[in-house]
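Here's the structure we're looking at; comments come further down.
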Amino acid sequence: MQFDLRTNTATKLFQCRNSLSKSGHSSNIHLNAITIDPRNPNLLAVGGSNCYARVYDIRKYKWDGSSDYPSDCYCPPHLIGNRFVGITGLAFSHQSELLISYNNEKIYLFPKNGGLGPYPKSSVKIEANKGSKSTIVSSGEDVDRPAPLMYAGHRNCETVKGVTFIGPNHEYVASGSDCGRLFIWRKKDGKFLRAMEGDECVVNCIEPHPHTMTIASS
């Protein structure tokens, strides 16, 4: 929904559905996260009870809510089609990279324009991993895409964990954990740097201060 604060009504832009196919009916996805690209506010990403993070361009959608299809989809190759994972947190960096946190899984960073396209389930098949790249077969052509960076060590099984960037240039990645700690990794190579006590139980939310090196957790 898009809300105009000058009015008392909301406009339906699209509905996020489980199937990425244009044909047939499918169930709605329960959404956990939404984020807007700071370099292009027309782009927003949503994620929830499905393996794909969907990026929508609001300029392409009809005001009657009849357009339901994303502009791009993001998912690590090994999780495509996995019905047992979902997305709990999303964040765009200042460089338009997309950070995705999965429940019962890890955190992944995708480069700008590193998605699988709007219909990956029907048009994309992962053939093999070649070093830092995955060979993707789409419409009979092999396309080399950079493999997403991975951040591991935290535990995201209970409740809903967010994920965020910290640092003036988004040099670091941060997440909460079921163990009650706040985890910090170096963005450029995924190296784990530090775990800090955040709560007596579970840390779900992390928010960095916009100007100073202070982090709030809850």
Side-chain angles (χ1 to χ4, degrees), residues 30-41 43-55 72-79 82 84-115 132 146-218:
H30 298 281
L31 299 179
N32 295 321
I34 182 171
T35 186
I36 295 175
D37 187 343
R39 298 193 65 180
N40 186 355
L43 299 180
L44 60 91
V46 297
S49 57
N50 185 272
C51 64
Y52 293 103
R54 292 161 165 83
V55 175
D72 208 352
C73 294
Y74 290 76
C75 182
H78 68 286
L79 293 183
N82 189 327
F84 302 101
V85 298
I87 294 170
T88 65
L90 293 169
F92 271 116
S93 74
H94 293 329
Q95 294 80 37
S96 296
E97 303 155 306
L98 183 60
L99 190 64
I100 307 175
S101 180
Y102 285 88
N103 67 299
N104 296 303
E105 245 282 342
K106 300 175 179 67
I107 297 169
Y108 298 91
L109 178 69
F110 292 83
K112 180 181 179 181
N113 300 323
S132 62
L149 275 172
M150 181 181 69
Y151 307 88
H154 71 306
R155 184 173 175 82
N156 182 6
C157 297
E158 300 179 23
T159 64
V160 177
K161 306 290 182 303
V163 70
T164 189
F165 294 97
I166 59 176
N169 296 307
H170 287 179
E171 303 96 328
Y172 307 99
V173 169
S175 171
S177 175
D178 290 342
C179 65
R181 295 180 177 89
L182 184 159
F183 283 69
I184 299 175
W185 299 266
R186 190 163 57 198
K187 186 187 80 171
K188 67 178 181 180
D189 56 9
K191 181 180 179 181
F192 171 69
L193 298 178
R194 187 177 182 184
M196 298 184 291
E197 293 293 334
D199 207 323
E200 295 178 356
C201 185
V202 175
V203 174
N204 290 322
C205 304
I206 296 171
E207 189 68 28
H209 192 284
H211 308 301
T212 65
M213 287 306 292
T214 302
I215 303 172
S217 69
S218 69

So does [Y] get a backbone contact from the side chain of [X], meaning a donor-acceptor N/O pair under 3.5 Å?
X: Thr214; Y: His209; result: no
X: Asn169; Y: Glu171; result: no
X: Asp37; Y: Ser96; result: no

Give a yes or no on this: more than 12 heavy atoms of other residues, nucleotides or ligands lie within 6.0 Å of atom NE2 of His94.
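Atom NE2 in His94 is crowded, with more than 12 foreign heavy atoms closer than 6.0 Å.
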Considering only heavy atoms from C-beta outward, does the side chain of [X] approach that of [Y] to under 4.5 Å?
X: Tyr74; Y: Tyr108; answer: no
X: Ile206; Y: Phe183; answer: no
X: Phe110; Y: Pro76; answer: yes
X: Phe84; Y: Asn104; answer: no
X: Val163; Y: Val173; answer: yes
X: His154; Y: Val203; answer: no

In Å and rounded to the nearest 0.5 Å, what is the [atom1] to [atom2] distance from [X] to [Y]?
X: His78; Y: Lys106; atom1: NE2; atom2: NZ; result: 6.5 Å
X: Tyr102; Y: Leu79; atom1: OH; atom2: CG; result: 5.5 Å
X: Leu182; Y: Ser217; atom1: CG; atom2: OG; result: 6.0 Å
X: Thr35; Y: Leu43; atom1: OG1; atom2: CG; result: 11.0 Å
X: Leu149; Y: Lys188; atom1: CG; atom2: NZ; result: 11.5 Å
X: Ile87; Y: Cys75; atom1: CD1; atom2: SG; result: 7.0 Å

For a quick test of reading the model, state the closest non-hydrogen atom pair linking [X] to [Y] and the distance between them.
X: His170; Y: Ser93; result: ND1-CA, 3.3 Å
X: Leu90; Y: Ala53; result: CD2-CB, 4.0 Å
X: Tyr172; Y: Gly167; result: CD1-CA, 4.5 Å
X: Ser175; Y: Ile107; result: CB-CD1, 3.5 Å
X: Gly89; Y: Ala33; result: CA-CB, 3.9 Å

For Arg39, which residues count as a salt bridge (charged side-chain N to carboxylate O under 4.0 Å, His left out) partner, sequence neighbours excluded?
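Here no residue qualifies.
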Which residues satisfy the salt bridge (charged side-chain N to carboxylate O under 4.0 Å, His left out) test with Glu97, sequence neighbours excluded?
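Scan of Glu97 (salt bridge (charged side-chain N to carboxylate O under 4.0 Å, His left out), adjacent residues dropped) gives Lys187.
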Residue pairs, two or more places apart or on separate chains, that pass side-chain hydrogen bond (donor to acceptor under 3.5 Å, both in side chains) and touch residues 155-166:
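Output for this query lists Thr88-Asn156, Ser101-Asn156, Thr159-Lys161, Thr159-Asn204, Lys161-Asp178.
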Could you walk me through whether Asn40 and Phe92 pass the side-chain contact (heavy atoms from CB on, under 4.5 Å) check?
CA-CA 10 Å; Asn40 186 355; Phe92 271 116; over 6 Å; no
